[in-house]
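This is the structure, below, for whatever I ask next.
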Amino acid sequence: MAKISFASKIKSLFSSHDKKDDVFFEDLTDALIEGDVGAKTSFEIVEKLEQICRSENLSDKSAIMQKLAELLSSDVKSAVLKPEEGKTNIWMVLGVNGVGKTTTAAKMASYFTESGFNNVILAAADTFRAAAIEQLIMHGKKLNVRVIHHQSGSDPSAVVFDAAESVNASGGGLVIADTAGRLHNKENLVRELQKIDKISFQKASPGCYKKLLVVDATTGQNALRQAEVFNEAVGLDAIILTKYDSTAKGGIAVSICKELGIPVAFVCTGEKYDDISLFDVQSYVYGFIGE
């Protein structure tokens with residue numbers, strides 16, 4: 001069964017409410033919550049919007065939508081991440097299993113290789129799943145990108161260490177490290193990630209170490225909980241939205257940006273290597289509200 005998009009709900013909201021009264025704004029709040037913006041953020045946005053509409057005497061759909069877009073845009077943040085040439089860049093790719101973490105690591109490798117960045121290396125630091133290592137090796141062959149890997153069950157931080165050493169020895173480059181995401185064993189996961197975090201911080205050039213969380217845009221508030229856990233464990237620099245489609249829910253970026261202060265770096269929309277793009281706040285907001 002297809003999900004009704006937030007944009008569709010907004011359209012029916014305006015057609016079913018002649019008056020922009022309390023009931024209209026309550027229904028708008030409900031629509032935002034159902035669109036995964038999150039209850040707290042939805043109430044705050046609609047409260048501000050209602051105040052603006054009352055003070056400026058706005059009742060026209062386009063005027064109200066413009067104000068809504070402005071309010072959403074003020075809460076959503078983007079991060080432009082670029083590896084530095086001639087330095088050791090290490091980007092740790094985090095996320096629970098099933099969000100498309102390994103494929104996203106490959107997409108970033110493709111993105112920066114195609115952009116002309118020299119020496120991109122994939123590090124198979126999810127050593128607990130043999131399938132993850134094999135998958136990354138397969139991506140590396142397809143992309144002609146080197147993959148550093150150890151045996152299944154080995155120390156993940158040792159894989160990142162070796163990848164960083166390789167980049168160092170060749171005068172710089174970018175290590176994209178795919179990590180495990182076994183949230184059901186949170187304590188072990190956190191301890192493991194903190195060890196990789198320590199090694200990565202030590203091996204990367206100053207300011208060239210980034211921690212990126214991959215979240216499935218269709219999972220709603222679960223994605224916010226995941227962001228909270230990983231941010232608490234290692235501190236996040238940005239998130240990457242996968243499986244993003246503006247016709248689905250997609251409001252989770254608003255919650256993560258607003259409640260945790262973490263910006264969005266990339267958006268992935270499909271399975272192909274080039275289905276990745278820099279996150280653009282305006283495109284995201286207007287795609288979400290359907291304007």
Side-chain angles (χ1 to χ4, degrees), residues 77-95 99 101-128 132-133 136-137 139-140 143 145-150 154-181 189-215 226-227 229-240 260-266 276 278-279:
K77 303 287 182 283
S78 64
V80 179
L81 302 180
K82 282 186 179 178
E84 294 185 43
E85 291 281 1
K87 293 188 178 180
T88 300
N89 301 268
I90 301 176
W91 291 8
M92 180 158 64
V93 182
L94 305 151
V99 295
K101 196 165 61 265
T102 305
T103 307
T104 300
K107 285 176 181 174
M108 281 197 290
S110 173
Y111 180 88
F112 287 110
T113 302
E114 291 294 316
S115 301
F117 187 81
N118 294 315
N119 198 26
V120 178
I121 288 179
L122 286 164
D126 182 355
T127 60
F128 292 89
I133 299 170
L136 208 62
I137 291 169
H139 286 310
L143 295 168
V145 168
R146 191 175 169 207
V147 178
I148 301 287
H149 61 94
H150 291 184
S154 57
D155 183 355
S157 58
V159 179
V160 177
F161 182 94
D162 287 354
E165 285 284 286
S166 176
V167 159
N168 250 328
S170 53
L174 170 62
V175 173
I176 300 173
D178 181 29
T179 64
L189 171 72
V190 167
R191 196 159 52 238
E192 174 194 306
L193 292 178
Q194 286 172 342
K195 189 177 177 185
I196 302 172
D197 183 46
K198 187 178 178 182
I199 292 289
S200 299
F201 181 77
Q202 289 170 349
K203 300 299 292 182
S205 301
C208 295
Y209 171 42
K210 304 295 177 190
K211 290 156 281 188
L212 313 176
L213 178 71
V214 179
V215 295
Q226 290 160 21
V229 170
F230 283 98
N231 193 44
E232 197 179 292
V234 293
L236 298 172
D237 292 291
I239 66 166
I240 300 170
L260 302 177
I262 304 165
V264 186
F266 294 97
I276 184 170
L278 295 173
F279 179 75

field: Met108 vs Ile240 side-chain heavy atoms within contact, under 4.5 Å
entry: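 Yes, close enough: below the 4.5 Å cut-off.
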- prompt: Atom CG in Leu193, atom CE in Met92: separation rounded to 0.5 Å?
  reply: 5.5 Å
- prompt: Does Lys211 use its side chain to pair, donor to acceptor, with the backbone of Val234 at less than 3.5 Å?
  reply: yes
message: As an exercise, state the distance from CD of Gln226 to CG of Leu94, rounded to the nearest 0.5 Å.
response: 11.5 Å
- line: His139 meets the side-chain hydrogen bond (donor to acceptor under 3.5 Å, both in side chains) criterion, sequence neighbours left out, with Tyr273
query: Taking only residues two or more places apart in sequence, or in another chain, which ones meet Ala227 in a side-chain contact (heavy atoms from CB on, under 4.5 Å)?
result: Leu213, Ile256, Leu260
- request: Kindly give the heavy-atom pair with the smallest separation between Asp126 and Ile133, and that separation in Å.
  value: O-CG1, 3.7 Å
message: Could you go through Leu212 and Leu81, starting from their C-alpha distance and side-chain angles, then the distance that decides it, and tell me whether this counts as side chain to side chain contact (heavy atoms under 4.5 Å, CB included)?
response: CA-CA 10 Å; Leu212 313 176; Leu81 302 180; 3.3 Å; yes
query: Does Lys107 reach the main-chain N or O of Ile276 with its side chain, forming a donor-acceptor pair under 3.5 Å?
result: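 No, because the side chain of Lys107 does not come within donor-acceptor range (under 3.5 Å) of the backbone of Ile276.
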query: For Pro156 and Ala125, which heavy atoms make the closest approach, and how far apart are they?
result: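 Answer, listing the atom of Pro156 first, then Ala125: CB-O, 3.2 Å.
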If you look only at distance, which donor and acceptor atoms sit under 3.5 Å apart when one is on a side chain in residues 113-121 and the other is two or more places apart or in another chain?
{"residue": "Thr113", "atom": "OG1", "partner": "Ala109", "partner atom": "O", "Å": "2.6"}
{"residue": "Ser115", "atom": "OG", "partner": "Tyr111", "partner atom": "O", "Å": "2.6"}
{"residue": "Asn119", "atom": "ND2", "partner": "Ser170", "partner atom": "OG", "Å": "2.8"}
{"residue": "Asn119", "atom": "ND2", "partner": "Gly172", "partner atom": "O", "Å": "2.9"}

message: Holding to ring-ring contact (aromatic ring centres under 6.0 Å, His included), I want the full list of residues that pass it with Phe161, two or more places apart in sequence or in another chain.
response: none
- prompt: Would you find a donor on one side and an acceptor on the other, under 3.5 Å apart, between the side chain of Gln194 and the backbone of Ala233?
  reply: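 Yes: the side chain of Gln194 pairs with the backbone of Ala233.
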message: Ignoring hydrogens, what is the shortest heavy-atom contact between Val93 and Ala105? Give both atom names and the distance.
response: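 Looking at all heavy atoms of both residues, the shortest contact is CG2-CB, 4.4 Å.
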- prompt: If you measure from NZ on Lys82 to CG on Leu278, what distance do you get to the nearest 0.5 Å?
  reply: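 CG of Leu278 is found 8.5 Å from NZ of Lys82.
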task: Show your working on side chain to side chain contact (heavy atoms under 4.5 Å, CB included) between Asp237 and Trp91 and close with a plain yes or no.
output: CA-CA 10 Å; Asp237 292 291; Trp91 291 8; over 6 Å; no
For a quick test of your reading: what N or O donor-acceptor pairs under 3.5 Å do the side chains of residues 198-205 make, sequence neighbours left out?
{"residue": "Ser200", "atom": "OG", "partner": "Ile196", "partner atom": "O", "Å": "2.9"}
{"residue": "Lys203", "atom": "NZ", "partner": "Glu165", "partner atom": "OE2", "Å": "2.3"}
{"residue": "Ser205", "atom": "OG", "partner": "Thr88", "partner atom": "N", "Å": "2.9"}

query: Only one of Ile239, Leu236, Val190 clears side-chain contact (heavy atoms from CB on, under 4.5 Å) with Phe230; which?
result: Leu236
task: Just jot down the side-chain hydrogen bond (donor to acceptor under 3.5 Å, both in side chains) partners of Thr104, sequence neighbours excluded, or say none.
output: none
- request: Ignoring hydrogens and angles, tell me if any N or O in the side chain of Thr127 forms a donor-acceptor pair with the backbone of Ser154 under 3.5 Å.
  value: yes
message: Looking at every non-hydrogen atom in both residues, tell me the closest pair between Ser157 and Lys195 and how far apart they are.
response: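 The pair with the smallest heavy-atom distance is OG-CE, 3.4 Å.
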- line: Taken to the nearest 0.5 Å, the spacing of Leu122 CG from Asp178 CG works out to 8.5 Å
query: What orientation do Phe112 and Phe266 show, parallel under 30°, tilted 30 to 60°, or perpendicular over 60°?
result: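 Geometry flag for Phe266 against Phe112: perpendicular rings.
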query: Does atom NZ of Lys77 have more than 12 heavy-atom neighbours, drawn from other residues, nucleotides or ligands, at distances under 6.0 Å?
result: yes
Side chain proximity check, His149 to Ile137, heavy atoms < 4.5 angstrom: yes
task: Could you tell me the separation between the CD1 atom of Ile262 and the CG atom of Asn231, rounded to the nearest 0.5 Å?
output: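 With rounding to 0.5 Å, CD1 (Ile262) is 4.0 Å from CG (Asn231).
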query: Are Asp197 and Tyr209 close enough that a side-chain donor and a side-chain acceptor fall under 3.5 Å?
result: yes
